[in-house]
Amino acid sequence: MNIAGVKWLPGHFGPQEQSRLLELVRAAVRQAPLFQPVMPRSGKPLSVRMTNMGRLGWLSDRAGYRYQQTHPVTGNPWPEMPQMLLELWHEVSGYAHPPEACLVNFYEASARMGLHQDRDEEDLEAPVVSVSLGDTAVFRIGGLERKSPTSSIRLQSGDVVVMGGDSRLCFHGIDRVVPGTSALLKDGGRINLTLRRVTRP
Ligand code: MD6
Ligand code: FE
C-alpha cells in the first residue's frame with residue numbers, strides 16, 4: 001500500500017514473529033538499557049525512551065543529534081543487529097547494503113513524536129524501514145516541507161513502513177498511541193524499530 005509515497009505493509013509480521021521480535025528487543029534492552037534522550041540545546045526530554053542495536057546508534061542530547069558506536073550511559077558498544085531484522089531489510093528495502101543502525105523507541109501511553117525528517121544519515125539513497133510493535137499509533141505523514149499537507153494512518157503491531165525514494169525526507173511523526181489496542185506488551189505501550197543505513201558503502 002502506498003501512502004504519500006511511503007510503502008506501508010500492514011500485518012507484515014504475524015503474532016508469532018512479533019513475539020520473537022519482542023524477545024530480541026528485550027534481550028537488547030538488558031544489554032543496552034533504555035535511556036531518556038533530550039533535545040539539543042534546551043535539554044528538554046523527548047517523551048520516548050530509546051536504545052539501539054547494530055554497529056551505530058542514533059541519539060539526541062544537549063550536544064545535538066548524531067550516530068555513535070557506544071551507549072551513552074554504559075559506554076559499551078550497542079548489541080548486535082538481529083538476523084531477523086537484516087532479513088527484513090533485504091526483503092523490503094531494495095538496497096544492496098546492510099543497515100547499520102536499528103533505533104528502538106519505546107512509547108508509554110502518553111508519548112508522542114513531533115513532526116520531523118530523518119536526515120542525520122550520510123546515505124540518503126537508502127530507505128528507512130520501520131516496524132511497529134504493541135499498541136496502535138497514529139502516524140502522520142506530510143511532504144518535504146514542514147508546512148506541506150499531511151495525512152495520517154494507524155500503524156498496528158506487526159506493520160512495516162518503508163520510507164525511501166521521493167518519500168525519504170518527508171516530514172512525519174506520531175500524534176499519539178492508542179491504549180489497549182494490542183496485548184503484545186503486557187503493560188501496554190508501543191515499540192518502534194527503525195532500520196537505517198548511515199554511511200555510504
Ligand atoms: C515511529 N517513526 O513510528 C516513528 N522515521 O514511532 C519514525 O520516525 C520513522 O516510522 C523514518 C521512517 C519510518 C518511521
Ligand atoms: Fe523518523
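Side-chain atoms are counted along with the backbone in the values below, which use heavy atoms only and exclude waters and symmetry mates. Every number for a ligand or one of its atoms is a count from 1 in the order of the listing. Quick caveat, the model's predicted, so the values are computed rather than measured.
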*Every residue of the protein that comes under 4.0 Å of ligand 1, judged on heavy atoms*: Tyr107, His116, Asp118, Val128, Ser130, Phe139, Met163, His172, Ile174, Arg190, Asn192, Thr194

*Ignoring hydrogens and angles, tell me if any N or O in the side chain of Trp89 forms a donor-acceptor pair with the backbone of His97 under 3.5 Å.*
yes

_In this structure, would Leu59 and Val104 fall into the same cluster of hydrophobic residues linked by side-chain contacts under 4.5 Å?_
no

*Got a salt bridge between Arg66 and Asp61, using NZ or NE/NH1/NH2 to carboxylate O under 4.0 Å?*
yes

*In terms of side-chain geometry, is the basic nitrogen of Arg26 or Glu23 positioned less than 4.0 Å from the acidic oxygen of its partner?*
yes

_Can you tell me which residue among Trp58, Tyr65, Tyr67 is in a side chain to side chain donor-acceptor pair (under 3.5 Å) with Asp120?_
Trp58

*Does Arg200 pair with Asp123 as a salt bridge, N-O distance under 4.0 Å?*
no

*Tell me, please, which residues at least two apart from Arg41 pass salt bridge (charged side-chain N to carboxylate O under 4.0 Å, His left out).*
none

*asked:* Closer than 3.5 angstrom, by distance alone: can the side chain of Gln156 be matched with the main-chain N or O of Thr136 as a donor-acceptor pair?
replied: no

*Using side-chain hydrogen bond (donor to acceptor under 3.5 Å, both in side chains) as the criterion, list what pairs up with Lys147, not counting sequence neighbours.*
Glu145

*Under 2.8 Å from the Fe ion (ligand 2), protein N/O/S atom count?*
3

